Amino acid sequence: MPSLKKTAAYLAVTNALLVTLAGSWAGADTLSDAITQGQVHLDFRPRYEFMSQDGKKDANAFTVQTLLGLSSKPVAGFSADLQFINVAGIINQYNSLRNDKTAYSVIPDPSESNVNQGFLVRSSG
């Protein structure tokens, strides 16, 4: 189960690699500026859900979804967006269909971390 700390570490390593590799792409200052002057997005969404199913224990799920992203400044008409998502369980009294807690009612909200979206944008004009 990846943690928020692992996701933050992954972002830091990714950013460091992009800045380091920038010199071999076309001007470290330009790409470096695009990253360092970009806009960081951070969003926390706490969620609570209760579920009761026949033959199962009542389920309580309190999770926090975190979205962390970076929108770069344009360079040579191109900009990039990269967003990571993390779902962490605070109260884990539920069957997420991945956590082997089959005695509880099902709330399909597993703890996980991954890339949510990434894309390049070409500006015209």
Side-chain angles (χ1 to χ4, degrees):
M1 161 175 62
S3 68
L4 186 56
K5 286 182 183 180
K6 286 184 182 179
T7 302
Y10 180 74
L11 281 173
V13 170
T14 302
N15 188 37
L17 285 173
L18 286 173
V19 171
T20 302
L21 294 173
S24 65
W25 286 340
D29 291 336
T30 304
L31 187 54
S32 178
D33 288 346
I35 294 168
T36 59
Q37 295 175 13
Q39 185 174 5
V40 174
H41 307 277
L42 183 60
D43 182 34
F44 293 102
R45 294 183 190 170
R47 302 181 285 190
Y48 175 79
E49 188 170 350
F50 172 83
M51 175 61 69
S52 181
Q53 287 178 291
D54 290 338
K56 301 282 185 177
K57 292 182 182 179
D58 289 348
N60 292 284
F62 179 53
T63 60
V64 176
Q65 175 182 288
T66 305
L67 297 171
L68 179 60
L70 175 69
S71 298
S72 75
K73 286 231 172 197
V75 175
F78 288 91
S79 61
D81 278 53
L82 183 61
Q83 184 182 66
F84 295 89
I85 186 170
N86 172 270
V87 177
I90 308 296
I91 297 175
N92 294 307
Q93 298 172 338
Y94 66 100
N95 178 3
S96 71
L97 301 176
R98 291 188 190 172
N99 63 2
D100 297 324
K101 294 188 176 185
T102 57
Y104 287 99
S105 300
V106 174
I107 300 175
D109 199 4
S111 294
E112 62 184 354
S113 296
N114 54 46
V115 175
N116 191 41
Q117 61 180 335
F119 55 91
L120 292 173
V121 177
R122 181 177 181 274
S123 303
S124 59

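Values in this document were obtained by computation on a predicted structure and should not be read as measured data.
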Might you point out which heavy atoms bring [X] and [Y] nearest each other, and give the distance in Å?
X	Y	answer
E49	I107	OE1-CG2, 3.4 Å
R47	Q65	NH1-OE1, 3.5 Å
K101	N95	O-CB, 3.1 Å
N60	Y94	O-CD2, 3.6 Å
G89	S111	N-OG, 3.3 Å

| What distance separates F84 CZ from L68 CG, expressed to the nearest 0.5 Å? | 7.5 Å
| task | Could you list the residues that satisfy salt bridge (charged side-chain N to carboxylate O under 4.0 Å, His left out) with R45, not counting sequence neighbours? | result |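 Once residues adjacent in sequence are excluded, the partners of R45 under the salt bridge (charged side-chain N to carboxylate O under 4.0 Å, His left out) criterion are D43.
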| message | Run the salt bridge (charged side-chain N to carboxylate O under 4.0 Å, His left out) test against D58 and tell me which residues pass, sequence neighbours left out. | response | none
| task | Please step through side chain to side chain contact (heavy atoms under 4.5 Å, CB included) for the pair F78 and R122, ending with a clear verdict. | result | CA-CA 5 Å; F78 288 91; R122 181 177 181 274; 3.7 Å; yes
If you define the side chain from C-beta out and look only at heavy atoms, does anything of [X] sit under 4.5 Å from [Y]?
X	Y	result
V75	D33	no
F62	P46	yes
N116	L67	yes
E112	N114	yes
V64	N86	no
T66	I85	no

| said: Checking side chain to side chain donor-acceptor pair (under 3.5 Å) between S71 and each of Q39, H41, Q83, which is the one that passes? | reply: H41
| field | Single-linkage hydrophobic cluster, 4.5 Å side-chain cutoff, V40 and F44 together | value | yes
| query | Mind checking whether I91 and M51 sit in one hydrophobic cluster, side chains of I, L, V, M, F, W, Y counted as touching below 4.5 Å? | reply | no
| query | So does K57 have more than 12 non-hydrogen atoms from other groups sitting under 6.0 Å from NZ? | reply |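 No, NZ of K57 has 12 or fewer neighbouring heavy atoms, counting only those of other groups under 6.0 Å.
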| request: Tell me yes or no: between the side chains of D109 and S96, is some donor less than 3.5 Å from an acceptor? | output: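 Looking only at side-chain atoms, S96 and D109 do not form any donor-acceptor pair under 3.5 Å.
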| task | Go through the steps to decide whether L70 and I35 satisfy the test side chain to side chain contact (heavy atoms under 4.5 Å, CB included), and finish with yes or no. | result | CA-CA 8 Å; L70 175 69; I35 294 168; 3.9 Å; yes
| Do the side chain of Q53 and the main chain of V106 share a donor and acceptor less than 3.5 angstrom apart? |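 Checked: pair present.
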